[in-house]
Every structure is written in structure tokens, then in C-alpha cells.
Amino acid sequence: MKKCTVLLVAIFALCIAAFAQEAVKATIENRPISELFDIIEQQTRYRIYCSPQAIDSLYVTVKESNIDPIILLEKVLSKTPLKASAFQNAIFILKEQLITSLPDGYHFKESSGEPDVKYDYLSTLDLTEAQKRQLIAESKIYEVGYKYNKSSGTVVLSGTITNVKTGKPMVGLSLFPDNSTAIATTDSAGYYSVKLPVGQQKLNLRGHNITDTKIQLMVYSSGTLNFGVEEFMFVLDEATVSSERLNNVRSTTIGRDRIKLQEVKNIPSVLGEVDVIKVVMSLPGVKSVGEASSGFNVRGGATDQNLILFNDGTIYNPTHLFGIFSTFNPDMVDGMELYKSSIPAKYGGRISSVLDIKSKVGNNQEFKGSASIGLLTSRLTLEGPLFSPKTSFIVGGRATYSDWMLKLLPEKSGYKDGSAGFYDLNAVINHKLNKKNSVAVAGYYSHDRFSFDSIQRYSYTNANAAIKWKHSFSDKFWGDFTAGYDHYGYETREREQPFNAYTLTFSVDQVFIKADFTKQLNEAHRLSFGVNGIYYSLNQGEYKPYGIESIVNPDKLQKEKAIETALYIDEQWDATSALSLNVGIRYSLFGVLGPRTYNTYDSGYLPSLSGITEVNARNGLFKTYHNPEFRLSGRYAFSSSFSVKAGVNTMQQYIHKISNTTIMSPTDTWKLSDVNIKPQKGLQVAAGLYKNLMLKSGLVELSGEAYYKTMTNYLDYRSGAVLVMNPHLETDVIAAKGRAYGVELMAKKQQGKLNGWISYTYSRVQLQQDDSREAEPINNGSWYPASFDKPHELKLMGNYKFTHRFSISVSCDYSTGRPVTLPLSKYIYQGGELVIYSDRNTYRIPDYFRIDASINIEPSHHLTLLTHSYVAIGVYNVTGRKNPYSVYYASENGVLKGYRLSIFGAPIPYISYNIKF
Amino acid sequence: METIGMYKLVLMGILLALTSCIDEYYPKGLDSMGDILVVEGIITNDTTVITLRRSVGISEDISNAKEVINASVYVECDDGTVLQNTTKAISGQYEIITGVLNPNSKYRLNILVDGDSYTSEFLSPIITPQIDSIFLSKAGAGRPIYTCVSTHSTGEDFSYYRWSYEEDWEFHSEIYTSYGYSEDNPPLIVEYYDYYNKLNNIYHCWAKGKPNSILLGSTEKYTENKIREKRLIESPASDSRFSVLYHVTVFQNQIRREAYTYYENLQKNVEQTEGLFSPMPIEMKGNIKCINNPDKHVIGYIEVSTTTCSKRFFPKSDNLYEPELKRFCYTSILDTLPPSPEYILISYEGGILSALRVCVDCRYRSGGTKNRPNFWPDN
């Protein structure tokens, strides 16, 4: 194997400012040069960018007046290796020639037998102006391959992109050549592989927090190009209020949104907290029943039909504090991907969507931290190398002090004795064994507790632990091996009177393993395949007396155990440069495990206690469901900026949330499919049009997607259903079917001073109880709207950057009111007023409309500062509109009244202060 | 489930604290639905009382609710016996003398009204166990006083109960006076009241209480087939009920699980509707149907069950009753006679002494009347 020479070149601009010269007056004596920079910045329009290490020992004496700042700097720096270069209103202080080497392990992939390749360090430094990419393009052509052994046709360029500052892989960057529809995205190791025609090429590099860059290439044959890029340092520079769908036109996936959390820090939020789930809910096609609900509905799916993964672990309850927050600490989250339509074959188990959340990778170069203080929560995150740069860690914690909220309640409310609180802890360790192997260990724990009086106490816990080993078999073949454990459980304790005090517990435990492989067969074929397995163990409910005086009868439902396994294979085939197909198949198998007793019912009737024909006791594997799931999608690109896509997906779901409330609540339980409860099935057909428009002020992406979806064996509840501690739940539920359809239109602009998106969605979701064995189906067996059916929805997210330090953000949300069931008639019975309800979901609450605004200020972002702070001041619900969460009638002392409940029925100002060190 | 209901209630408290955002609101554009027959009552031993009403539209005045007085109501036994209502219905109530229910027979209710014929399901009578005791309980100073009932069944299956009650209590005005306004000429004329003639003063009063919701209980969750302490009534510790003498009569019926579920759902539909996590309301069908028009909506579940009853007096107890200091109940000396019906003369001696009417005339306190129950003791 031949080691390649490494040449790192810093590219910087030597460009003369195109506007009128400015003059500076400076008098300082033997002071750090940074003070001179400050003077220049104060007196001119220039901003000075430099590396703090380069100037930290530089002291200068200057006595000048009316001098051009560039000339002054050139003068001052003439005896140093530094050079000042101006570009428009920026001055860069750089070393003239940076010839150095990157830390071991970051340069390149193994490339035995490959001809000479140049490795270049493309530094965009602090240049944020769009023009910079031309500078790069004009200043250097990178040669790829062996000049004297030219290939012809198309070759493959691969490599790894890292962050030059931290050494972390740059994940999710897109690379695409100008004159082709090929596209590559860096994976979690920063690795990319893109097809290029031989010859002179321009390769676009895009990412959420790097400058759009055009790399000029001279391609001779296949080769490797590893390089570092610099991420923006400043929060304000990252203020692209958008989900990343840069790949919209080129990728084959439909309905995918990729979000980097840093991008959304400027979105106005409730109480100043950036929230992962709230960000997801701002995307088209994602709805929720109301403001205080972290459960969300994707394209008409129920809240339990979303697979929420955090570092590969399944999160069953993503809610803190009644849904005001999600359980993910925003400082720990790097980014997430939401799959609404084309769900890759490697995911399965839920029929509506997949939300894959990844935590950050610790900085392996230096110790860093961040802290934030909000109205309700405080957070602390620390990261850094562990023993050596090969190992890094990141740990984060968040805790609340929301008890004060309850203390504000009036004495008579009865909740004065209440308390509420939560915390969550995260830890991730990454270790790079060698060039081919790396290991990551992630742990997560969150706990919520609340009580409103001395009678009832609630608590619940999510816990996850996972280990992941990444192995690269070769340049074109790599695999991830993951094993982990997930837990979710709750406990309710009630002590109204000593004799009826009890505790009720429920828990889900699961162990999972995954092996995922990716192989680049050739230029046109990329294969992904793997195997997943989950072992479930559910405590369906345990009811125990609490205290010695209690006469509550202890009761424990039998444990539910099952295995869910799946094999999948997924082929990405780029048939021509315009046509690309993705064909995936997943074969899932679900096996119910004993020991377990279950009832067999007379099949002519809905299961009921009077219809039991047999009681069975079984051991081992006694019931299996297995089904193929198809994931197909295709894209035809008419040009590099316009494409159409279509896809079909089928999904299976073997675990169901048992709740007759419309949103996720802390007392929801989950149930596995068994002999009497069949798996849910989902089918989605979707198609879309994608068009990118290049305007003067930046790229505008337009997209339109339409979908039609069906769901079967959706669990609905019979009249008088008992859902808690029910050993024969099948007698209280009924399988319903659902259909959903809609159109999502979106325009998005990610660059320029003004950025953001606007989206309009028309969508419907309806359910039907069509089991002929049910004598009184809901709404007489006709289709009725689901509780989250909100046909019209308009969302606007906008951010305007006045300067690097100051920006404003506005978000706006309109939707049709959700359906509710209201009483139509009332009567007196046993001295009180009672009601007769309409058919289910016949009426709607008033429409929802809200505007939020925030001002984001970064007092200073000098690199020399020890800490960087960031302040957001905003107002949630500026207009103070009382958006009803629900409209209902309730009886107080036998007298019926109508009410409207608004969760945030007034403008809520907030301020949050974040600090990075 | 009670737990969920509680959760949601308290959640509202929290949210209230955030932005106080529950207000009265009546949605417009609701379809009007009324005139649905509501059948209340249980076929029981001795006298079965069935009340028939018709529902009104949700936005109408409930006092317009029509009591059905033109119906014929029968209790039918599966041995062929048919018993009809004896008296003419007063305020929608029909009384049928049922006598002793035969445990080996089945009974049902038939109603003929406005050309429609309704019938309930044939059910055998449940023999309700006796009430073990009626008692008052209080968890500590300042906490509410609960009027409770306990009972137990010797049967092996879980038991389900429904209760009703009648309350009577005596209470007194804060301040005694011998005077009062004349009924005919309120501003001035003063009458003379005799303290010792309880029936002819404004110092001694009696009040009545009735349930305003369906009271249900079950032993489903317990190790014993026993209701230890079912709280029927919650009153503040300062309630006038407990200030002199309190009497309660509790009626108990053991019912079937189906009836329990039906009644529970009726009550839930007006109690657990408000919150974030409240279950979706459901209309359940009772066991009454319209024979000539099976699609016709009718409300009610006619259970067949014997009634047991228990009564008890509770004299004032310092352990329970915590009198509320009524700061506005003071006397003041006026130059002339009290200027308005708000005030009442107490005494002429040493000036014109008067006090607020609500402190002096017990009929102006909640529910106070001069209707002394027949069974009330003299002292």
C-alpha cells in the first residue's frame, strides 16, 4: 500500500474591495493585535476574521491616522507570516501557506492500487458570503485520479469530509456535480461516494451550516478526495429556519425531512425552549390535536403509528410536563430525519412514519460546554476528548424547576399541594478503533413525576442504552452492528382513603439487535440489506394495595412476550442519469411467546366473555404473523432542477397503544398483537413534483406531494370499554379501518438574509367501524373524521438576518379546527343535568391561528472570547388569540355549562439565555 | 377510569395557572335535538317510582324540560301479572304498587306514550343487602365532611351499587330577633316572633338536600365484597348541615354490571369531558327500546332490584363542625328604623339595634325554610 502525499492548501482571497476606501485612526502601544482589530472594526465597515491561535502572541504598536485599514494591517503584519486579505467588507488574517497535516485517521480512506490522489484542505474559514464559492472555484482545480491513465465515461469519487476544527465527520452534506443528476450524501462517518463524468467538473457541496461551495475538479479516473470544511461558528449564521430538503430534486425519497437542530434555534418557541417534537410539528403533513400534546400525527396516522428512535433506541413517551416539552434535550440532539412517505426498508414496526433522532458526537479536539437558563428548565452539556482524540464523549443533563407554577395556583384550586418535575440525562461515547472500525455507546434516561394533591402521584420513565459498531469491510462495503435495550414504564399511586390506596404500574422492556450493511456494487447499483430483531416483554399492568390498611385486591396481568424480526434488502438503481429507482422489501415476522393463557371466541360474534369457546394455555412460540413489506420509489429528473417522483409503501405494526384519548397521555399502555389482536397494516401511495428556482437572493425550492393512505386493524374502542387492567382486552376493542389523503405544497428558501418556508396542506383522515358483527358501530358504520382531521393548514416560518448579530423570526400557523363530539340534547336525571351526544366528531372547534415572533441577539462572536452567549427574546401567540384546545360541556353540582379551554390563550413573552464555552 | 379523569382535572389547574384560559363558551350552529324520552327509576319492592321526562335542545333552558304526564306505565311480570300506575302522574312521576318481588320471576317496564310503546328487558330481581351504616367522616381540620355509607354482600361475585339519599337539617340564624317585616308592607311593620315557637320565628330553619348526580360504587377492585366508605355527599366543614342537627336517609340498590356501566357512562359524559386526556364521549344504549320504532332514541336502564334504606340523625359535633366566622353579622345602632329590607330590627332597647337580614332571617340562608319535617325531634 502506498501512502499518498498530503498537500493541504489554505485558499484565501486576495481581492480588492470594490467600494470606496476607508480610513482609520489608531494609536496603541504594545497591545495585543486584537485591539487593533477592534479599532478597525469600530471605525470601518470591515469585519476581521482570524484564527485566535495565529495572533495570540502578537503585540503591536501603532500610531497612524487617516490610513487605509488594509495598508495598515499589511504594514503591521509585514514581519509576520500572516497576511491580510480583504474581500468586500471582510478582512481575513491568514497564514500565507498552510502546509500541515491533519490528525491521523482523518486524511483518507484506504486506497490500495489507486493512483496518486491529491488531498486538499478546503477552508472556507469564516467567509459566509455566497461569492466565496466562486473564489474557491476560480482559485484552484483539484485533480482527481491518475493523469496518465485516464478512464473514460463515469468514475467514482469518494472520500470523507470532516470538520477541520473538531475532527468530527460532517454528516448529511450533499455533493452533486453541475451537469448530472447524480447526488451523494455524507453518511454518519462523513463518507461520500459520487459518480462523475471524466473531465473538468464542478462539484457542489451543500450543507446546513457550511457555505455553499463549488469545488473545481479535473477528473481523470476514480479516486478519493478527503477534505475538511469549517462549520459556521455563530448561531446567527446558522439561522436557516428550514428543514433540509436540498436533495429534494435529486433523491428518490418522497416525504422526507431532515432537520439539523441548530438550524431551528431561532424559531420562536413556547417559553423559550427549542423543542425537537415542536420542530417536527412545524413541517407540512405533521399535525397534532392541540398545543400541549407531544404526540403527533403524520399524514393522518395515529400518535402510536410513529416510530420514534433516539440513537437507535425506541422512545415510547416523548413527552415531558404534559406535552409542553419533549423528552429530548435540544443541546444533545444533532439532527433528525422524519420519513413521512418513503420509509427505507431498514425501518419497520410502525405504519405511519419514522422519526430518527441522532445525538451529537462529542468534540474530540477540545473540551467544550454549553449551558442554558430558561423559565422552566436549565441545561448543561459537556463534551471533549476522552484520554485521546480517538475517543470523545458528550454528556448532557436537563432539569426543571416547574414546581413554582403549581405554587402560583390559588389556595382554593386544590392543587396547591401539587408538584411537577422532570429531568433527563444523556451520555454518548464515540471511539475510533482504527480506520475501519469505530464504536459508539449511548445512554439515555428521562424521568417525569407529578402530582396535584396529596391523593395521586404519577411518574414515568424512558431509558435506553445502545452500543453500535461501525465496520468498513472495504471502500465500498460497510456495516453497522447495533445492540440495545429500551424501557418505558409508569407508576400511578392513588391514596384517597387508606382502604382504597393502590399503585398501578405498567412497563415495556425490549432488547434489540440490528445489522445493517451497505454495498456499492457499481456505479449504478447500491445495495442495503440487513436484519433486525426485537424481543419484547410487557408488564401489562400490576395493581397493588398501597399501605397496610388498603383492602385493594392485588392483581397482575400476565406478561406479554414476543419477538419481532425482519430481513430487508434495498436496492438503489440509477438506471440513467435521469431515472433512478429504489426497490426495497422487508419481510417481518412476529411471534407471540408463552407462557400465556388466552381465550378463543366464537368467530361469528365480536369477542365477548359470553362467547368464549376455549381457554388455552400455551408455552413457547404459539402464534406468528409474517408479512412482506414493500418500499418502492422512483424519480425521473427532467433537468437538474426539476423532477417527479412516485412511491408505494406497505407497513406492519405489531404493538398498539391502548388509549381512548386522542393524544398521548401518561397513563396510556401498549399492547402487543396476539391471537385475538391482529397487526395493523398500512399502505401509502405518494407522488410529488420538485422544482428548484435560482433567484438572485438564493435558491427557492418548490415541492408538491400528494398521498393516499389506508390503514387496517386500527384499534378503536367499544362502548364502555375498560382499558386499564383488562385481561381480555379483545372484548373491549374493535378493529376499524382508516383512510387518509392529502396534498402538501411547500416553498422554501434557505439562503440569503430572508429565509424560511411557507407550506399549505390539504388533508383528510377518516375512520370507519365496518365490522358487521358490531351491532352499534360508531356513527352507524359510516366514515367519520378522526380527531386530528384538520383539512386546511398553512404554516409560515420566516427569519430575517439584519446583521450577523441580530435577526428576527416569525412563525405563523393556521389550521381548521379539529373535530369534536358535542352534546345536542340535555335532560335532568337523578337531580343533575345529563346530555345526549351527537355522532362522533360531527362538529369542529373554531379554527386555529397563531403568530409568534422573536428577536435573536448574539452580543459578540469574537473567536477570542472565552464564551459565546446568545439571547432570544420572543412572544408566543403575539395576538393573544384564545385558540380553543377543546370545547365541551361539563356539569358542576348538577348544572351543565359550556366551556372553552385554551392552552395558551394569551401572549406569552419569554427570554432565554444560552452560553457556550 | 377514575385515574385519568383526575389527571385531566388537575392538568387544567396547571394550565389555568399559566394563562387562565377556561371560559364559558357555547358553540353556535349545533343541530337541535330534543324530545327524547328519558326514563328514570328502578323496579323495586313496595312502590316503584318511574319518572318520565323529555330532553330539550342543548342550548335551551332546562327548566323548559317537559315532564311527561300523559303516559301509561306498567310493570309486567313474566308470570303474566301486569301492574299499572295507580295515581295520576305528578311532575312526571308514576307510582306503581309492586309489593313483594318474586325472586324467581322476571320483571319489565312498559310505557305507552304519544302512540309509542316502550319496553325494557325482562330481568329477575336482585336482592339488595342491608346498609351496614351511615356515618360522617373528615380527614382533618379544614377538610370537607363526607356523608358515607358502608355495606357488604355475602355473595361471591363483585357487587355493584347505586345509591340515593334525602337530607334534612336544622340550622339557626346568626342573630336572634323578635321582629320582622310584615309580609304585606315590608318596609316598616314589625311582627313579633317567639323564640320558643320554632315554627313561627325566623331563627329556626330546616333545609333539604337531594343528589345531583348518579351515585355508584363497586367492589370490583377489593379483596372483600364490601363497600367500606362510599362518600355520597361532600360538604365543607363549615356547612350549616352540621351546625345543629342533621338527618340523612340513604336508599341502596344493588345493580347489575351492565346497569352500572350504563349509569357510569351517563355521568362520565358530563364530568370527564373537559380535559386534554379525557376519553371520547360515547352514547351507550340502555335496556329500553321503542317497540313500534326501534330506531327511536330513548334514555334509561330499568334495573329490577329491591331497595334497602337506612336513616340516621347526626347532632352537632365539635369534632366535625367548624363554624365560619361571619364578619358581616354584627349589629349596629341606627337613628331611625332600618332603611331597607336588607336590614332587620333586632331590638329597641338602648337605641334601634339592627343587623343584616341574612344574619337574622334563616329563610334567607341557603335553602332555609320553615317546613319542619314530620319526624323532626322537638329538642
Side-chain angles (χ1 to χ4, degrees), chain A residues 292-293 322 405-406 408-409 413 415 418 452 456 458 492 494 497 499 551-553 660-663 665 667 719-720 724 776 821-837 840 843 882 885 887-891 893-894 896-906 908, chain B residues 1 3-4 6-7 10-19 21-27 30-34 36 38 40 53-58 62 65 164 210-214 221-224 228-229 261 265-266 269-271 273-274 276-285 297 299:
Chain A
S293 53
F322 335 112
M405 229 162 58
L406 289 146
L408 289 181
L409 293 169
S413 67
Y415 308 130
F452 301 95
Q456 276 180 315
Y458 300 84
T492 305
E494 186 174 325
Q497 288 159 281
F499 72 89
I551 57 162
V552 158
N553 195 14
N660 60 356
T661 64
T662 45
I663 58 170
S665 96
T667 49
S719 293
V724 180
E776 294 166 25
T821 312
L822 288 174
L824 296 183
S825 193
K826 60 184 174 184
Y827 56 93
I828 293 173
Y829 194 93
Q830 183 105 29
E833 289 180 47
L834 296 179
V835 293
I836 301 167
Y837 276 93
R840 185 176 290 180
Y843 295 93
K882 287 194 175 185
Y885 171 85
V887 168
Y888 59 92
Y889 284 78
S891 159
N893 295 324
L896 195 71
K897 280 183 177 168
Y899 296 96
R900 173 175 65 176
L901 163 65
S902 320
I903 307 247
F904 299 110
I908 301 176
Chain B
M1 181 74 192
T3 5
I4 295 168
M6 193 64 200
Y7 176 78
V10 291
L11 184 63
M12 281 178 29
I14 284 264
L15 298 167
L16 210 66
L18 275 175
T19 49
C21 38
I22 295 173
D23 44 12
E24 253 184 72
Y25 180 85
Y26 295 92
L30 296 188
D31 293 326
S32 189
M33 187 166 86
I36 291 164
V38 178
E40 181 183 343
R53 298 188 184 90
R54 293 224 180 245
S55 71
V56 295
I58 193 72
I62 192 80
S164 179
K210 282 204 157 200
N212 54 30
S213 63
I214 308 170
K221 294 286 181 201
Y222 303 138
T223 48
E224 46 191 36
R228 284 217 175 178
E229 187 180 334
T261 314
N265 186 60
L266 287 186
N269 276 350
V270 289
E271 282 176 359
T273 52
E274 62 267 43
L276 300 176
F277 306 125
S278 46
M280 286 185 273
I282 283 175
E283 277 305 318
M284 287 177 74
K285 284 224 161 73
H297 206 149
I299 301 287

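The analysis underlying the following values was restricted to heavy atoms, covering all of them including side chains, and did not include hydrogens, waters or symmetry mates. Nothing here was measured: the structure is a model prediction, and the numbers come from that model. A note on names: the letters A, B, ... follow the listed sequences, proteins ahead of strands, and every chain is numbered from 1.
- The main-chain N or O of B/Ile58 is found under 3.5 Å from a side-chain atom of A/Lys826 such that the two form a donor-acceptor pair.
- The greatest number of non-hydrogen atom pairs below 4.5 Å with chain B, out of A/Ser825, A/Ser891, A/Gly832, A/Pro823, is found for A/Ser825.
- Of the residues considered (B/Thr261, B/Leu266, B/Asn212), B/Asn212 shows the highest number of contacts with chain A, using heavy-atom pairs under 4.5 Å.
- With a 4.5 angstrom heavy-atom cutoff, A/Leu822 touches chain B only via side-chain atoms.
- A donor-acceptor pair is defined here as one N or O able to donate and one able to accept, closer than 3.5 Å; such a pair exists between the side chain of B/Arg53 and the backbone of A/Ile828.
- Using a 4.5 Å cut-off between heavy atoms, A/Glu833 contacts chain B through both its backbone and its side chain.
- At a 4.5 Å heavy-atom cutoff, the contact between B/Asp31 and chain A is made by backbone and side-chain atoms alike.
- The candidate with the highest count of non-hydrogen atom pairs below 4.5 Å against chain A, out of B/His297, B/Arg54, B/Lys210, B/Glu224, is B/Glu224.
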Quick one: do B/Ile36 and A/Ile836 satisfy side-chain contact (heavy atoms from CB on, under 4.5 Å)? Show the steps, please. CA-CA 9 Å; B/Ile36 291 164; A/Ile836 301 167; 3.6 Å; yes
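- Contacts of B/Ser213 with chain A are made by backbone atoms alone, with heavy-atom separations under 4.5 Å and no side-chain atom involved.
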Where do B/Ile299 and A/Leu834 land on the side-chain contact (heavy atoms from CB on, under 4.5 Å) test, with the steps shown first? CA-CA 10 Å; B/Ile299 301 287; A/Leu834 296 179; over 6 Å; no
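- If you measure heavy-atom distances from A/Tyr829 to chain B, the contacts under 4.5 Å come from both the backbone and the side chain.
- Side-chain N or O atoms of B/Asn265 include none that pairs as donor or acceptor with a backbone N or O of B/Glu283 at under 3.5 Å.
- Scanning all heavy atoms of the two residues, the minimum distance from B/Pro281 to A/Thr821 falls at CG-CB, 3.9 Å.
- In this structure a side-chain-to-backbone donor-acceptor pair under 3.5 Å is present from B/Thr223 to A/Ile551.
- Interface remark: B/Val38 contributes side-chain atoms only to the contact with chain A (heavy atom separation under 4.5 Å).
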